[in-house]
2 protein chains.
Amino acid sequence: MDFEHANALNQAIRLLSLRHRARAASLLAPLGLHTGQEALLLELDRTGPMIQAQLSEALGCEPPSVTLMTRKLEAGGHIRRTPAPSDKRASIVELTDSGKALVDQVKQLWCALAEETVGGPPAETVADLPGILKTLTDNVDTKRPTTQAAPARSSAVRSPTKTF
Amino acid sequence: MDFEHANALNQAIRLLSLRHRARAASLLAPLGLHTGQEALLLELDRTGPMIQAQLSEALGCEPPSVTLMTRKLEAGGHIRRTPAPSDKRASIVELTDSGKALVDQVKQLWCALAEETVGGPPAETVADLPGILKTLTDNVDTKRPTTQAAPARSSAVRSPTKTF
DNA sequence: CGACGATAGTTAAGCACATAACCAATGTGT
DNA sequence: ACACATTGGTTATGTGCTTAACTATCGTCG
């Protein structure tokens with residue numbers, strides 16, 4: 001691949017990162033949330049109470065990051081951290097009522113952001129986008145030992161209808 | 001759009017951001033560069049000497065960011081900042097010889113990263129990827145007053161051949 | 001048992017970003 | 001000419017994220 005195309009791609013990814021993050025930040029700000037915290041809340045809502053190590057794995061970021069995020073979300077009253085009875089090292093984290101209420105708002109914002117993101121002309125390949133992006137991510141992910149790189153493309157993304 | 005799809009998309013973008021950035025960081029580290037600095041050097045190589053405000057615009061980040069980046073790159077000896085003769089506020093920044101040499105290495109890494117990113121199964125839509133990502137970026141970009149949102153998709157991305 | 005590697009979590013330091021506030025120079029209008 | 005908004009740049013502060021170094025607990029194995 002020549003440098004022109006390579007740069008176009010890398011730059012496109014970089015810019016999308018910046019803009020999508022910035023837009024998310026501006027949407028989340030009214031709720032008193034910062035970017036990244038919403039992922040934690042949503043994951044917690046999706047899977048239920050879990051340990052920080054599991055959160056770290058699910059969110060794809062390192063343990064120190066979840067330490068800081070959980071601390072701030074706890075200070076905000078949106079989550080609660082209680083020591084795990086079976087393992088004195090671990091602390092299980094769960095949504096508070098305030099957090100659950102917040103999640104509902106976040107979900108709406110999240111839908112709005114996604115619609116806004118894929119809005120416009122290309123309604124065709126839009127259904128494949130998560131799969132495509134996931135493939136790129138796996139390609140670039142060094143930690144994951146390349147498990148199921150190929151089948152990932154058509155795994156859980158194929159929705160019955162392309163209309164969404 | 002239901003929340004499932006929305007979350008799949010947003011999460012995919014978020015993860016791609018993290019991983020692509022992380023991979024870039026690990027590739028750039030041996031050269032003594034941090035993520036984001038390579039974009040500045042490449043832009044400088046592409047367009048020639050320019051003012052920080054122009055850099056800020058080209059890189060899509062805010063002036064304070066370029067202030068810090070330029071300062072560090074200058075400390076590293078890769079760029080040079082000289083006061084602009086026509087405008088006493090502005091300082092024009094340009095590549096040093098060391099910087100030019102570095103750019104060549106960065107270009108190679110950049111190609112490797114792009115190939116690695118799009119490597120694997122989906123060789124079909126790969127040519128459209130920059131355009132697709134740009135469309136998403138524009139959709140989400142708040143600063144740009146929605147100029148040419150629709151035509152952007154098929155503007156400068158259509159390469160004569162899809163093979164790359 | 002007791003030693004020892006793996007695991008859960010935290011702290012510290014560093015980077016790229018962002019916004020807000022500020023300074024200095026430019027340019028424009030009356 | 002002079003006031004004044006605009007623009008280029010910096011500083012201060014704060015966020016998410018990272019890696020490295022550290023503590024405390026858990027399991028396992030000799």
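No experiment lies behind these values; they were computed from the predicted model shown. First the proteins, then the strands, lettered A, B, ... as listed; each starts at 1.
- Looking at V66(A) and V93(A), their side chains never come closer than 4.5 Å, going by heavy atoms from C-beta outward.
- The side chain of S91(A) places an N or O atom within less than 4.0 Å of a non-bridging phosphate oxygen (OP1 or OP2) of dG9(C).
- Each of dT10(C), dG8(D), dC17(C) was ranked by its minimum atom distance to the side chain of Q52(A); first place goes to dT10(C).
- The CG-C1' distance, from L28(A) to dG16(D), rounds to 13 Å in whole Å.
- Rounded to whole Å, atom C1' of dG16(D) lies 11 Å from atom CD of E38(A).
- Side-chain atoms of R23(A) and S26(A) form a donor-acceptor pair, as typed in the model, at a separation below 3.5 Å.
- Between M50(B) atom CE and dG9(D) atom P the separation is 11 Å, expressed in whole Å.
- A straight line from CG of L59(A) to C1' of dT18(D) spans 15 Å, rounded to a whole angstrom.
- Rounded to a whole Å, the CD atom of E57(A) is 12 Å from the P atom of dT7(C).
- Side chain of S98(A) to backbone of H78(A): no donor-acceptor contact under 3.5 angstrom is found.
- Each of T70(A) and A22(A) was matched to the nucleotide of DNA chain C holding its nearest heavy atom; the match closer to the 5' end belongs to T70(A).
- No donor-acceptor pair under 3.5 Å is formed between the side chain of D45(A) and the backbone N or O of G48(A).
- Side-chain contact annotation: Q52(B) with S56(B), donor-acceptor N/O pair under 3.5 Å absent.
- Ranking dA18(C), dG9(C), dT18(D) by closeness to the C61(B) side chain, first place goes to dA18(C).
- L55(A) has its CG atom 15 Å from the P atom of dG16(D), to the nearest Å.
- Using a 4.5 Å cut-off between side-chain heavy atoms of Ile, Leu, Val, Met, Phe, Trp and Tyr, with links allowed through other members, L41(B) and I51(B) fall into different hydrophobic clusters.
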### Task
I would like to know whether E43(B) and R46(B) meet salt bridge (Lys or Arg N to Asp or Glu O under 4.0 Å); could you show each step before the answer?
CA-CA 5 Å; E43(B) 181 63 24; R46(B) 195 177 68 86; 3.2 Å; yes
### Task
Just do the side-chain contact (heavy atoms from CB on, under 4.5 Å) check on L59(A) and R14(B) with the steps written out, would you?
CA-CA 10 Å; L59(A) 299 182; R14(B) 178 178 169 273; 4.1 Å; yes
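- Computed from coordinates, the L40(A) CG to dT15(D) P distance equals 16 Å when rounded to whole Å.
- Of the candidates R80(B), K100(B), R81(B), R80(B) is the only one forming a salt bridge (charged side-chain N to carboxylate O under 4.0 Å, His left out) with E94(B).
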Polar atom pairs between nucleotides 24-27 of chain C and protein, under 3.5 Å, N or O only, would you list them?
unit_1, atom_1, unit_2, atom_2, d
dA25(C), N3, R89(B), NH1, 3.4
dT26(C), OP1, K88(B), N, 3.2

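- Taking atom CG on L15(B) and atom C1' on dG16(D), their separation rounds to 14 Å, with Å as the unit.
- Contact annotation: Q54(A) does not reach the phosphate of dA8(C) (side-chain N/O to OP1 or OP2, under 4.0 Å).
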What protein N or O atoms touch nucleotides 12-16 of chain C N or O atoms at under 3.5 angstrom, if any, and at what distances?
unit_1, atom_1, unit_2, atom_2, d
dA16(C), OP1, Q37(B), NE2, 2.8
dA16(C), OP2, K72(B), NZ, 2.8
dA16(C), O4', R21(B), NH2, 3.4
dA16(C), O3', R21(B), NH2, 2.9

